[in-house]
Amino acid sequence: MAAAVIVLLTVLLSAALPAYVNGQNTAQQTPQLSYPFSVINSTLSEGANVNSYQLVVEMDNAQTISLAKFNLNMTSPFYGAGNVSSLQITKTNVQTGSYFNLSYSIDVTGNPAKGDYRFPLYIQYYISFPYGNTYPEHQSFNLTVLFLGTSSLTITDSTSSVISGENNNLTLVVHNAGTGNITDLKISTAAQSSLTFLSSFPTIASLTPRSFFNFTEPAFVSSAATGVVSINFTLNFVNPYGVQSSSSNVTVLSVQPLMNSIDISSSTDVLTSGQTNNVSFTFINDGNGDLSNVETSPSSQSQLSFLNQFPSISYLMVGHSFTWVEPIYVSTSVSGAITINFAETYTTSSGTQSSEQRSLGLYSQQSSNSLNVSLEVRMVSPYVMLGLNSSAVVDITNIGNSTIYSPVVTISAPSGFTVSGNSTFYYPNETLISGDSFTVPVLFSSSPSTTQGAYSASVSINYYNDTGKVITRTFYAGFLALNKVSLVLQGYSENSSGGTITISGTLLDEGAGSAYYLTLNATFSQLNVASSGTTYLGEVDSNTPTPFSLTFALPTGIKNGTSEVSVQVSYQNYYGVQVNSTLLSHSMVYKAASNQSNQTTTPTKHYRTLGPVEILLIVLIVVVILVAGLLLVVRKRGSAKAKSKQ
């Protein structure tokens with residue numbers, strides 16, 4: 001009986017196994033115990049071209065397969081050659097226990113994010129059985145492909161040109177335009193006769209995506225170099241997939257010949273004969289090479305005497321300058337044009353001694369104290385408000401060569417204006433040398449009917465010159481008369497609710513002038529938390545009410561309470577001068593967005609239970625009070641009986 005049961009079970013199992021093996025449906029009538037293929041590893045690496053990659057799948061086989069087709073399906077943004085989404089590799093006679101690689105060439109589009117991607121691998125294979133039949137089967141994998149970005153390296157020189165025969169500092173820029181991280185970057189160049197780098201290139205340990213690495217490299221350019229110089233750079237690096245890679249590019253620089261030149265200028269073109277003139281000479285290196293040991297020798301002339309020797313300039317870089325003040329005595333007989341020739345000697349950056357000649361033209365005039373006095377008179381703040389008393393300041397500067405003494409200044413107002421208060425100012429101890437200045441305060445008043453516009457005040461100045469002679473000069477100082485702008489708030493109101501503040505009212509100009517491009521601003525400040533709102537009102541004319549309304553949000557997180565609110569205006573007057581003023585600044589009660597922040601917590605009353613010692617003390621105090629009261633009553637009764645016996 002048991003043997004019959006075993007036979008029956010064997011028949012049933014033999015019928016079931018071909019129908020389902022390892023969870024995969026199959027029409028094969030011969031048993032299959034397991035799938036033949038295994039994926040050991042899948043590796044993505046960069047190919048020879050930009051955005052080109054090689055996917056290598058390492059496979060292991062457990063059965064002899066007569067024919068196998070490996071179909072790789074790619075997900076966007078990856079695709080195969082010819083813009084296909086599936087690639088197939090066919091292998092025949094795959095032996096049991098063999099290891100082999102599948103290599104797929106794939107491309108990528110755009111800039112995909114770095115990370116893991118899933119590539120389905122579908123395998124269709126055929127198994128040969130001993131009795132000669134071949135059966136089709138299939139097997140599927142989801143390959144995990146790690147994408148680490150792209151590498152795209154270039155090196156350029158931000159220096160547009162180089163100078164022949166000189167050491168040039170080249171500013172080199174390495175750019176990783178890819179999306180992957182570059183490591184162990186080494187730079188090299190091909191040897192060439194026209195340009196020689198004077199130090200080794202740095203090794204860049206890491207260069208992140210879209211980043212730059214700048215460094216300066218000294219290079220000597222041959223004096224025979226002309227036209228352009230080409231530098232062929234080679235970049236060796238480890239790409240994002242850990243593979244040693246390289247790229248190259250060429251940078252072209254234009255070559256300029258070496259030009260050494262020193263330009264000389266002076267602080268003045270006029271010398272006064274018969275006296276010593278302090279002249280500032282400026283030496284500028286306007287060539288394209290640095291210079292050292294610069295020596296200056298002026299030509300010897302009987303008319304001029306250089307009282308100091310010009311110093312030696314140890315180093316003068318390109319575009320830099322050196323200034324020296326030289327005292328020059330000019331003979332009394334000299335008048336008219338003077339030419340000074342300078343001999344300049346220097347050493348170039350390549351160590352070559354060189355020299356050049358420079359000429360500077362000056363003019364000499366006879367000394368005359370009265371003729372050399374020249375004054376400049378102007379208003380410091382050239383604005384006067386019509387209809388008001390307006391303070392002004394007159395600035396007087398000696399721009400001549402002679403000194404003036406004890407000036408007396410008298411200011412006269414033009415028609416429509418008067419000088420309020422003092423109009424004459426005397427400075428008995430004032431000595432005004434060349435270049436000095438002093439100021440005179442003046443107060444103007446005007447009628448409201450005076451029209452706004454430009455006016456000139458008369459400024460008369462009496463002074464003594466170097467010879468003691470009294471000189472009288474008259475000057476004119478211009479100023480602008482403006483109608484007053486007087487802004488006031490009318491019908492002003494404030495409303496605070498729902499976390500916002502709304503202010504409204506009417507802006508009225510009570511003055512005679514108009515305010516242009518007017519902007520109204522409100523500022524809220526509470527516990528160092530500020531907020532503000534702005535509205536543009538444009539032109540506000542005289543006696544023309546201008547309504548406004550401004551709403552702005554309160555800062556988040558504040559509580560109901562009191563804050564400072566300030567209302568300011570900013571506008572331009574008739575002459576375009578910017579004016580800023582505050583119309584209102586006061587405290588106001590506001591409400592935040594939620595009333596919960598305004599709720600006051602009811603104070604909690606705390607009760608404490610008395611201890612045994614405290615209870616005992618209270619009982620003793622009560623007993624003492626009762627005994628004292630009883631003694632007092634007894635004493636009073638005794639006193640009453642004694643009196644009754646008497």
### Message
With a 3.5 Å distance limit and no angle check, can you tell me whether S267 reaches the backbone of S280 through a side-chain donor-acceptor pair?
### Response
yes
### Query
Are P414 and F479 side-chain neighbours, meaning at least one heavy-atom pair lies under 4.5 Å?
yes
### Message
Looking at every heavy atom in both T546 and V540, which two are closest together, and how far apart are they?
### Response
OG1-CG1, 3.9 Å
### Query
Shortest non-hydrogen contact from S273 to S364?
CB-OG, 3.6 Å
### Query
Would a distance-only check, ignoring hydrogens and angles, find a side-chain to backbone donor-acceptor pair under 3.5 Å from D263 to D286?
no
### Query
Parallel, tilted or perpendicular: which describes the rings of F548 and Y492, with under 30° parallel and over 60° perpendicular?
tilted
### Query
What is the ring orientation for F310 with F283, classed by angle as parallel under 30°, tilted 30 to 60°, or perpendicular over 60°?
perpendicular
### Task
Measure the CD1-OG1 distance between I396 and T439 for me, rounded to the nearest 0.5 Å.
9.0 Å
### Query
So, do L304 and V330 sit near enough that their side-chain heavy atoms are less than 4.5 Å apart?
yes
### Task
Using the side-chain hydrogen bond (donor to acceptor under 3.5 Å, both in side chains) rule, take T418 and S445 through it: C-alpha gap first, then chi angles, then the decisive distance, then the call.
CA-CA 5 Å; T418 59; S445 61; 2.6 Å; yes
#### Entry: Any side-chain heavy-atom pair of L375 and N398 under 4.5 Å
yes
### Task
Any chance you could measure I338, atom CD1, to I328, atom CD1, to the nearest 0.5 Å?
8.5 Å
### Task
Apply side chain to side chain donor-acceptor pair (under 3.5 Å) to S437 and list each qualifying residue two or more places apart in sequence or on a separate chain.
none
### Query
Do you know which of V279, V270, T268, I340 makes side-chain contact (heavy atoms from CB on, under 4.5 Å) with L362?
I340
### Task
Please confirm whether the backbone N or O of N293 pairs with a side-chain atom of S312, one donor and one acceptor, at under 3.5 Å?
no
### Task
Without swapping roles, check the side chain of N308 against the backbone of E326 for a donor-acceptor pair under 3.5 Å.
no
### Distance in Å, M259 CE paired with T348 OG1, rounded so as to fall on 0.5 Å steps
14.0 Å
### Task
To the nearest 0.5 angstrom, please state how far the OG1 atom of T179 sits from the CG atom of N111.
6.0 Å
### Query
Can you name the closest pair of heavy atoms from L170 and V162 and give their distance?
CD2-CG1, 3.5 Å
### Task
In sequence, state the C-alpha distance, the side-chain angles, and the governing distance for V419 and L443, and then conclude on side chain to side chain contact (heavy atoms under 4.5 Å, CB included).
CA-CA 6 Å; V419 177; L443 187 65; 6.0 Å; no
### Summary
side chain to side chain donor-acceptor pair (under 3.5 Å) filter on S549, not counting sequence neighbours, yields none
### Query
Rounded to the nearest 0.5 Å, what separation is found between the CG atom of L518 and the CG atom of L487?
6.5 Å
### Query
Is N288 reaching over with its side chain to a backbone N or O of P257, donor-acceptor style, under 3.5 angstrom?
yes
#### Entry: Steps toward side chain to side chain contact (heavy atoms under 4.5 Å, CB included) verdict (F281, L360)
CA-CA 10 Å; F281 292 94; L360 193 63; 3.6 Å; yes
### Task
Could you check if a side-chain atom of Y463 sits within less than 4.5 angstrom of a side-chain atom of E430, using non-hydrogen atoms only?
no
### side-chain hydrogen bond (donor to acceptor under 3.5 Å, both in side chains) assessment of T551 paired with T502
CA-CA 4 Å; T551 300; T502 300; 2.9 Å; yes
### Message
Using every non-hydrogen atom in the two residues, find where S446 and L386 come nearest and quote the distance to one decimal.
### Response
OG-CA, 3.4 Å
## Note on the structure
For V255 and V228 the tightest heavy-atom approach is CG2-C, 3.9 Å
### Query
In Å and rounded to the nearest 0.5 Å, what is the CG to CD distance from N260 to E344?
12.5 Å
### Query
Are T519 and N521 close enough, and set up right, to give a side-chain hydrogen bond (donor to acceptor under 3.5 Å, both in side chains), and what steps lead you there?
CA-CA 7 Å; T519 299; N521 175 269; over 6 Å; no
### Task
Classify the angle between the aromatic ring planes of F425 and Y427 as parallel (below 30°), tilted (30 to 60°) or perpendicular (above 60°).
parallel
### Message
Within the supplied structure, the quantity of interest is the number of heavy atoms (other residues, nucleotides, ligands) at a distance under 6.0 Å from Q490 CD; does it exceed 12?
### Response
yes
### Query
Between S299 and N341, is there a donor-acceptor pair closer than 3.5 Å when you use the side chain of the first and the backbone of the second?
yes
### Query
When you measure from the side chain of S456 to the backbone N and O of Y476, does any donor-acceptor pair fall under 3.5 Å?
no
### Task
Mind listing the closest non-hydrogen atom pair of Y455 and S415 along with its distance?
CE2-O, 4.1 Å
### Task
Would you check if V394 and I411 make a side-chain contact, meaning some heavy-atom pair closer than 4.5 Å?
yes
### Query
Any donor and acceptor pair, going by atom type alone, linking the side chain of S321 with main-chain N or O of I284 inside 3.5 Å?
no
### Query
Got a donor-acceptor contact below 3.5 angstrom from the S158 side chain to the T171 backbone?
yes
### Query
Is there a donor-acceptor contact under 3.5 Å from the side chain of N176 to the main chain of V174?
no
### Verdict with supporting geometry, Y346 and E356, side-chain hydrogen bond (donor to acceptor under 3.5 Å, both in side chains)
CA-CA 9 Å; Y346 47 80; E356 60 180 292; 2.9 Å; yes
